[in-house]
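Computed from a predicted model, the values in this text were never measured in an experiment. Atoms within each ligand, like the ligands themselves, are counted from 1 in listed order.
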Amino acid sequence: MRMVDIIDKKRNGGELTADEIQDFVSGVVSGEIPDYQTSAFLMATYFQDMTDAERSELTMAMMKSGDHLDLSSIDGIKADKHSTGGVGDKTSIPLAPIVAALGIPVPMISGRGLGHTGGTLDKLEAIPGYTVEISEQDFINQVQDVKCAIVGATGNIAPADKKIYALRDVTDTVDSIPLIASSIMSKKIASGTDALVIDVKTGSGAFMKTLDDSRELAHALVEIGKGVGMDCMAIISDMNQPLGNAIGNALEIKESIDILKGKGPADITDLVLTLGAHMVVMAKKAPDLKTARAMCAGTIQDGSALQKFGDMVAAQGGDRNVIDHPEIMPQAKYQIELPAKTSGVVSKVAADEMGIASMLLGGGRQKADDQLDYAVGIMMHKKIGDSVQAGESLLTIYSDREDMAEIKDLLYANIEISDTAEPLTLIHETIR
Ligand code: URA
């Protein structure tokens, strides 16, 4: 089958057959299809969407492009969580050790930053020594012994996604329901988890800006999971402002540790406990969400989740001293305040633009091969609904450059101060 014919069919709104999708995925992995044709196909899919059958075929073809992990040697129901991507979304980092501290195996295969959103793997690499690339056998051993591991889709897990993910990032084809659904579910099915909670983000900092699109994505993800017999559910959570206060790799690790110490911001702590409660119920360790949530909170109070985080970091080669000495992570040269120009109530903090500002500081990639600066980012001091006096700091910019004129203009243009603010809802819906 000629790739140009497959592109042509999709470009003109046709429904691809299983063989055509299979040929596309195999050609991407073998390198037979050049990046320019893959990019054209991604753009055609972006505009024409895919039917449910095509979405499932694409997911399964991407999943089968590599290994399927056999986690059967690990005792218990394996539970995982994946987010569709947000700004300041460091949820996985405290969540995995919280759930693991309750004896539930958490085999987490995470991603890197994509577009304006941060990536769990990039954040963890801010910890000196932490490696996200471990062999499949070491991953299995670590989940058995420590009960949690957060790694990249290394080895041969969904290699098609690796190539497609990198191309989507640089061809502006990220925010597409079939492409997000197949990317997430191919990795999750290949990772062999039994239960999966998907955190579908909605709002300015999410790939899906409207509740309707987020709902459609959530249904697509859950349906693909159920189709292969996975216990799968989704929540739709708000991403109209950054989650927590920290944006940037090392800053987000420090905030994750604060969450595990019971000193984290309220919004992200609430989200972590909500997601954790669903995982605990799906793993059949609690009869209901209220009990499960209290169990998760208990692991923060008794220090077992923090201990588990240290165990996971050490098992992956990282320095567990980061828990009490976050300054061992890269530190920015300059801390520059952004004072409010007027008094009032913060009514808007455009999450996507905050993510872009962090990326421009060097915390994210503008090109696929950009090296990250782990130290840089933004620390929010005021969020939607907070009162502010003129001159008070809205946020601190962590930077290795002193001249912040452009970044400051971008930030000012995307934070609004008014007389009142519409309150935000953190969790919009639950989809089973
Ligand atoms: N996470 C993924 O793994 N893939 C996407 O496309 C978006 C978020």
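- In terms of protein heavy atoms, atom 5 (C) of ligand 1 is closest to Ser183 OG, 3.5 Å.
- Put simply, the side chain of Leu361 reaches to within 4.5 Å of the side chain of Met404, judged on heavy atoms.
- The heavy atom nearest to atom 2 (C) of ligand 1, considering only Thr117, Ile184, Leu179, is found in Ile184.
- When Leu42, Ile164, Thr45 are each tested for a side-chain contact (heavy atoms from CB on, under 4.5 Å) with Thr173, only one passes: Leu42.
- Looking at Leu260, Leu306, Thr299 one by one, the single match for side-chain contact (heavy atoms from CB on, under 4.5 Å) with Pro97 turns out to be Leu260.
- Here the rule is side-chain contact (heavy atoms from CB on, under 4.5 Å) with Ser191, and of Val151, Ile109, Ile157 only Ile109 fits it.
- For ligand 1, the atoms closer than 4.0 angstrom to any heavy atom of Arg168 are 5 (C), 6 (O).
- Lys187 NZ, 2.6 Å is the protein heavy atom nearest to atom 3 (O) of ligand 1.
- Remark: ligand 1 atoms within the under-4.0 Å shell around heavy atoms of Tyr165 are 2 (C), 3 (O), 4 (N), 5 (C).
- Nearest protein heavy-atom contact of atom 1 (N) of ligand 1 is His82 NE2, 3.3 Å.
- Considering backbone and side-chain N/O atoms, Thr84 never comes within less than 3.5 Å of an N/O atom of ligand 1.
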Evaluate Arg55 against Asp49 for salt bridge (Lys or Arg N to Asp or Glu O under 4.0 Å), listing each step before the verdict. CA-CA 9 Å; Arg55 290 174 185 179; Asp49 204 345; 3.0 Å; yes

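- A side-chain contact (heavy atoms from CB on, under 4.5 Å) with Ile93 holds for exactly one of Val272, Leu124, Ile259; it is Leu124.
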